[in-house]
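Some notes on the structure that comes next.
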Protein chains: 2
Amino acid sequence: MIRRLSQARERGIPEATVARLPLYLRALNGMAERSLATVSSEDLAVAAGVNSAKLRKDLSHLGSYGTRGVGYDVEYLIYQISRELGLTQDWAVAIVGVGNLGRALANYGGFVSRGFRVAALLDADPEVVGDHIAGLNVEHIDGLEAVIKRRGVSIVVLATPAAAAQQVADRVIAVGVTSILNFAPVVLTVPEGVDIRKVDLSIELQILAFHEQRKTDRMTGGPAMAEEWPEAVDL
Amino acid sequence: MIRRLSQARERGIPEATVARLPLYLRALNGMAERSLATVSSEDLAVAAGVNSAKLRKDLSHLGSYGTRGVGYDVEYLIYQISRELGLTQDWAVAIVGVGNLGRALANYGGFVSRGFRVAALLDADPEVVGDHIAGLNVEHIDGLEAVIKRRGVSIVVLATPAAAAQQVADRVIAVGVTSILNFAPVVLTVPEGVDIRKVDLSIELQILAFHEQRKTDRMTGGPAMAEEWPEAVDL
DNA sequence: TAGATTGTTAATCGATTAACAATC
DNA sequence: TAGATTGTTAATCGATTAACAATC
């Protein structure tokens, strides 16, 4: 039994599964608030917006935490998923770039709620340095390395202009940061072993536009032939 | 030839490919700015951060737009990808919820740059209604349906509190909106045919934390055994 | 023609899903 | 025991990748 658990741990959890664990966690927290003691894979799957076979498969990568015929203990599963995600410890986060987006992130409640603590806000603009946002003092980017080391920052959020992002990334990586959440619309070049996650608002919109266009096409019977490129060019 | 192009079009483009087209587009725009006339799949792949076989496979779903031995014409490929994504037309976007995040989105330059136009900002808070943000007047949420119809809004961005998101979604769907970009940390329930994309800051952080923990574990030789759940429970 | 590079094939890999034996 | 529900199997599906024939 221990053997199987350890194997699952060692083999690693599929990326697709990792990306869904936070969804399950959120759904479970909602259930805990409503004082539900146990939940079936079917109910939890509906709450998280996935199919129940996938949910059970995902959870099976963590271990056998359910009871056949009964379901999953809500609190226990919350604990196991939290632990797997590393949320039972406290992560110090620095937000670099305190423009509109940086401010929004600093004030975002969901950050603090689950193991994350905004430990620093940094900006290059003297106009912004010294502002108080979400109970924090905005510091000058010159102190970036010192702040990261002194406060044990392990995750950096980049909310800088595109032009500054790579340079800031290089600096934080140089002092040992290996986890970056990038909001700047650039492809960052980083050494192996550094994890980058990217949130790109304009890309999300473009993907929506693609599907929206498809729907419109379908209603009007496809794109007009005049819009097609001349055949010779396609050849 | 036309046959093959049409088939590719009709069969649909894989979701994974659609999600990468905006990356290629951004890389190509950078090259156009630097006045590059043609680009090889290898160079474009590097700029977009993918492998070149994947890039060629992705582009092959759109048609045969390259020249063997030469590469791709930058401007021509920009045009083809833009058209495929539906960016050659203008999309009116409404942002609902003008808190920190809504403001950040309204001011986000990348929105406007590529075929998207913020056509309305709406909020429920009388304190916020009437504010001028990014050249727009914040309107009261009561006028939501009228604004959407009158201005031809086809994409709605939800930046409301979690508690309000479903209700706003229901209202915009009722007046025909089928594309929603959701920043609120809730799973929305929507009818078939409505496309939801979700951006969740806290989930991105949790995924980073998972990997960060793994790295730390590796350095310390795995999680301490004391942290494991008692064996009987695992059984 | 020789060199370069695409577009496609086919192998591989990973994710999803339905179905059901195990078992509470 | 009968009913419920997990955890796992195996089939299927879709995405990735290396390799290379086609062809500029």
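All values below come from the heavy atoms of this structure, side chains included, with hydrogens, waters and symmetry mates left out. As the structure is a prediction and not an experimental result, all values here were calculated from the model. Per chain, numbering begins at 1; letters A, B, ... match sequence-line order.
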**Request:** Report the C-alpha distance between A:Gln80 and A:Tyr76 in whole Å, list the side-chain angles of each, state the deciding distance to 0.1 Å, and finish with yes or no for side-chain hydrogen bond (donor to acceptor under 3.5 Å, both in side chains).
**Result:** CA-CA 6 Å; A:Gln80 291 298 347; A:Tyr76 182 51; 3.3 Å; yes
**Prompt:** If only side-chain N and O atoms of B:Tyr72 are considered, is one of them under 4.0 Å from the OP1 or OP2 phosphate oxygen of C:dG7?
**Reply:** yes
**Request:** Assign a letter to each nucleotide of nucleotides 9-16 of chain C from its 5' end: B, base within under 4.0 Å of a protein heavy atom; S, sugar-phosphate only; -, no contact.
**Result:** B-----SS
**Request:** Round to the nearest Å and state the distance from B:Glu42 atom CD to C:dA4 atom C1'.
**Result:** 12 Å
**Request:** Taking only heavy atoms on the protein side, list every residue of residues 187-199 of chain B lying under 4.0 Å from any atom of DNA chain C, sorted numerically.
**Result:** none
**Asked** Hey, does B:Asn182 have a side-chain heavy atom less than 4.5 Å from the side chain of B:Arg197?
**Response** no
N/O donor-acceptor pairs under 3.5 Å from side chains in residues 159-166 of chain A, not counting sequence neighbours:
{"residue": "A:Gln166", "atom": "OE1", "partner": "A:Thr189", "partner atom": "N", "Å": "2.9"}
{"residue": "A:Gln166", "atom": "NE2", "partner": "A:Asp170", "partner atom": "OD1", "Å": "2.8"}
{"residue": "A:Gln166", "atom": "NE2", "partner": "A:Thr189", "partner atom": "O", "Å": "2.9"}

**Item:** A:Arg20 and A:Glu15 ion-paired at < 4.0 Å
**Value:** no
**Pairing residues for A:Lys198 by the salt bridge (Lys or Arg N to Asp or Glu O under 4.0 Å) criterion, not counting sequence neighbours** = A:Asp200
**Request:** Report the residues that fulfil salt bridge (Lys or Arg N to Asp or Glu O under 4.0 Å) with A:Asp90, sequence neighbours left out, ordered by chain and then residue number.
**Result:** A:Arg117
**Prompt:** Among B:Val199, B:Leu101, B:Ile95, B:Val118, whose side chain to side chain contact (heavy atoms under 4.5 Å, CB included) with B:Val157 holds?
**Reply:** B:Ile95
**Distance, rounded to the nearest Å, where A:Tyr65 contributes OH and C:dC24 contributes C1'** = 19 Å
**Consecutive Watson-Crick or G-U pairs in runs of at least 3, all under 3.5 Å, in which DNA chain C is involved** = C:3-24 with D:3-24
**Item:** Side-chain touch B:Leu55/B:Glu42, heavy atoms, less than 4.5 angstrom
**Value:** no
**Request:** Could you state the atom-to-atom distance from CG of B:Leu55 to P of C:dT5 in whole Å?
**Result:** 14 Å
**Complete:** Between CZ of A:Arg56 and C1' of C:dA21 the distance, given in whole Å, is 13 Å
**Separation of atom CG in B:Asp43 from atom C1' in C:dT5, rounded to whole Å** = 11 Å
**5' precedence on DNA chain D between A:Gly71 and B:Val70 (nearest-nucleotide basis)** = A:Gly71
**Asked** Does B:Ser154 reach the side chain of B:Val177, with side-chain heavy atoms less than 4.5 Å apart?
**Response** no
**Prompt:** Can a side chain N or O of B:Ser41 be found less than 4.0 Å away from OP1 or OP2 on C:dT5?
**Reply:** no
**Message:** Minimum heavy-atom separation for B:Leu188 and B:Ala169, please, with both atom names.
**Reply:** CD1-CB, 4.2 Å
**Item:** Value in whole Å for how far the P atom of C:dT5 lies from CG of B:Leu44
**Value:** 13 Å
**Message:** Using the side-chain heavy atoms of A:Arg68, tell me which of these nucleotides is nearest: C:dC20, D:dT17, D:dT5.
**Reply:** D:dT5
**Prompt:** Would you call A:Asp195 and B:Phe210 a side-chain contact if the rule is heavy atoms closer than 4.5 Å?
**Reply:** no
